[in-house]
There are 2 protein chains.
Amino acid sequence: MGITERKEREKEHRKEEILDAAQKLFFEKGLTTATMDEIAEAAELSKGTLYLYYKSKEDMYLAVMMRGMEVLYKIYEPIVSSNDTSVQKLAKFGDTYKNFFHSHRSFFRMFHFLQAPQFHKQVSEEMRQACSVESRKMWDLMIGLLRRGMEEGAFRSDLNPVEVAIILWSSATALLLRVDSEGDTWKERMNIDLEHALEISNKLLFESILTDRVRAEFAGLNRG
Amino acid sequence: MGITERKEREKEHRKEEILDAAQKLFFEKGLTTATMDEIAEAAELSKGTLYLYYKSKEDMYLAVMMRGMEVLYKIYEPIVSSNDTSVQKLAKFGDTYKNFFHSHRSFFRMFHFLQAPQFHKQVSEEMRQACSVESRKMWDLMIGLLRRGMEEGAFRSDLNPVEVAIILWSSATALLLRVDSEGDTWKERMNIDLEHALEISNKLLFESILTDRVRAEFAGLNRG
DNA sequence: TTTAATTACTGACTCGTAGTCATTTACTAC
DNA sequence: GTAGTAAATGACTACGAGTCAGTAATTAAA
């Protein structure tokens, strides 16, 4: 009989329902301001029940964040699988990240959590592991793209593809975080458009990793 | 009579003593783990007294962080005032930031707080203002350096010096944060030295903002 | 010197919230 | 119908930020 299986499904379903409620509140209020009581109420369950499904508030937060990582992965994956050239793919990577920032701002903000070690106290080892696996998928996409581009002679092969991936990803993330938190300030006080700064940053880094041959083509395209 | 002045001095002194205790505990335990009771005990005062000098725990945290910003400023200021060329100065800026990261790791970590908007709830307007002024001093140093370099023809003048400052600063900060929180992981799992990645990132960005003339000299120097 | 007034300090208290656990309710099997 | 199991509950504990009525110390006035 399939009772065990049905129960298993229902349990998974309940877990997702709880996460829906958590997502709603984390999006609205952020990690610290949203309370477990509020999430419980939104999920139409008691607080105790939440802890049958997630070990801590932080674990729950990361579970929501992983949804965001999956969203981003599903956007990126087809870019890598497409028939574009490596150069085109990398350009799309940059645009896509910016689009994701705009269309999924709340998820993007959550990514920031990973880099704030002071709040990881309550994160379970399992969740840490799961996040690590999920983020590894993203890195592999990008590193693979760069590695193939180097083999094809599009990108400079004297650079380490992993290092380049980290450089591109980190600088884009840092600038988008700044857009998010300080964008208006820079605009008002210095008349600076941080998104334009991001474009310049991407352009500078992008061009500096192209091989001379491809850079010449690229410049030709930009002029024509 | 100087009683009012003496009292004023004593009050300032007490405020610094409290900050010494706070700094010790924030360095050891971070913002969330350090408690006001612990800080009070370390300062040999009651918790209530702390609130006569600082409006909230977050305010206190930012006051400590500002000490770090002053330390960094005092390291940077002489670089800008020196007789080096703009190119040399900019190179020193990069090295200096990395040195600061190593010698004042706890301060560096605190800087990260500014970019985590979810924890700014309890920060008073005065403190926000004070931080803004202090960080503005740093930015002005860097922006001024870039602007002069552009006027002298060392850096490309088709770029906006403010944008370049933001780009260089953000990417360096992002990579150092990663060194701090994930450095060991990348080393173990991928055999990647994130500090080397930072050097590459700096080199790529650095060279791409030089004018063609200076880049040629620079390349000559690097070879010679 | 005594007393009043001002300032500095105290620590028990309130309040909010994460996480727990003994108990209750709902469901399944025999 | 009853025993056994799984799911859910919510009152409770622990803990920490921030408060405030009261106390002590210092200065000014009488």
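All values below come from the heavy atoms of this structure, side chains included, with hydrogens, waters and symmetry mates left out. Every chain is numbered from 1 and lettered A, B, ... according to where its sequence line falls, protein lines coming before strand lines. Given the structure is predicted, the values throughout are model-derived calculations rather than measurements.
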| message | What is the separation between atom CG on B/Leu45 and atom P on D/dA24, rounded to the nearest whole Å? | response | 17 Å

| field | N-O pairing of B/Asp37 and B/Lys47 below 4.0 Å | value | yes

| remark: Whole-Å distance, A/Leu31 CG to C/dT17 C1', equals 13 Å

| query | When the distance from CG of B/Leu50 to P of D/dA17 is rounded to whole Å, what number comes out? | reply | 10 Å

| message | Under 3.5 Å, is there a donor on one side chain and an acceptor on the other for A/Thr49 and A/Ser46? | response | yes

| note | Ordered by number, residues from residues 12-26 of chain B within less than 4.0 Å of DNA chain D (heavy atoms) are none

| Nucleotide C/dA26, atom P - distance to CD of A/Glu10 in whole Å | 15 Å

| request: Return the nearest nucleotide to the side chain of A/Ser46; candidates are C/dC9, D/dA8, C/dA18. | output: D/dA8

| said: Side chain of B/Gln122, heavy atoms from C-beta onward: which of C/dC9, D/dG18, C/dG19 has the nearest atom to it? | reply: D/dG18

| note | note: B/Met60, atom CE; D/dG16, atom P; distance rounded to Å ~ 16 Å

| task | Side chain of A/Tyr51 only, please: which of C/dG11, D/dA17, C/dT20 is the nearest? | result | C/dT20

| Taking CG from B/Asp37 and C1' from D/dA14, how many angstroms apart are they, rounded to a whole number? | 13 Å

| query | What is the nucleic acid contact for B/Tyr53, judged by heavy atoms within less than 4.0 Å: base, sugar-phosphate only, or nothing? | reply | sugar-phosphate

| field | Cationic N near anionic O, under 4.0 Å, A/Arg128 to A/Glu125 | value | yes

| task | Look at A/Lys24 together with A/Asp20 and state whether they make a salt bridge at an N to O cut-off of under 4.0 Å. | result | no

| query | Given atom CE of A/Met36 and atom C1' of C/dT20, what is their separation to the nearest angstrom? | reply | 12 Å

| message | Please verify the inter-ring angle class for B/Phe100 with B/Phe107; under 30° counts as parallel, over 60° as perpendicular, anything in between as tilted. | response | parallel

| Is a salt bridge present between B/Asp193 and B/Lys187, judged by a nitrogen-to-oxygen distance below 4.0 Å? | no

| note | The answer to which of B/Lys11 and A/Lys47 contacts DNA chain C further toward the 5' end, by nearest nucleotide, is B/Lys11

| task | Classify the ring geometry between B/Tyr61 and B/Phe26 as parallel (under 30°), tilted (30 to 60°) or perpendicular (over 60°). | result | perpendicular

| request: Assign B/Ala40 to base, sugar-phosphate, or nothing according to its heavy-atom contacts below 4.0 angstrom with the strands shown. | output: nothing

| task | List in chain and number order the residues that pass ring pair (Phe, Tyr, Trp, His ring centres under 6.0 Å) with A/Phe101, two or more places apart in sequence or in another chain; answer none if no residue qualifies. | result | A/Phe108

| request: Consider only side-chain N and O atoms of B/Ser132 and A/Arg189, and report whether a donor and an acceptor are under 3.5 Å apart. | output: yes

| note | B/Leu52 CG to C/dT10 C1', in whole Å, measures 10 Å

So which protein nitrogen or oxygen atoms get under 3.5 Å of nucleotides 21-25 of chain C's nitrogens or oxygens?
none

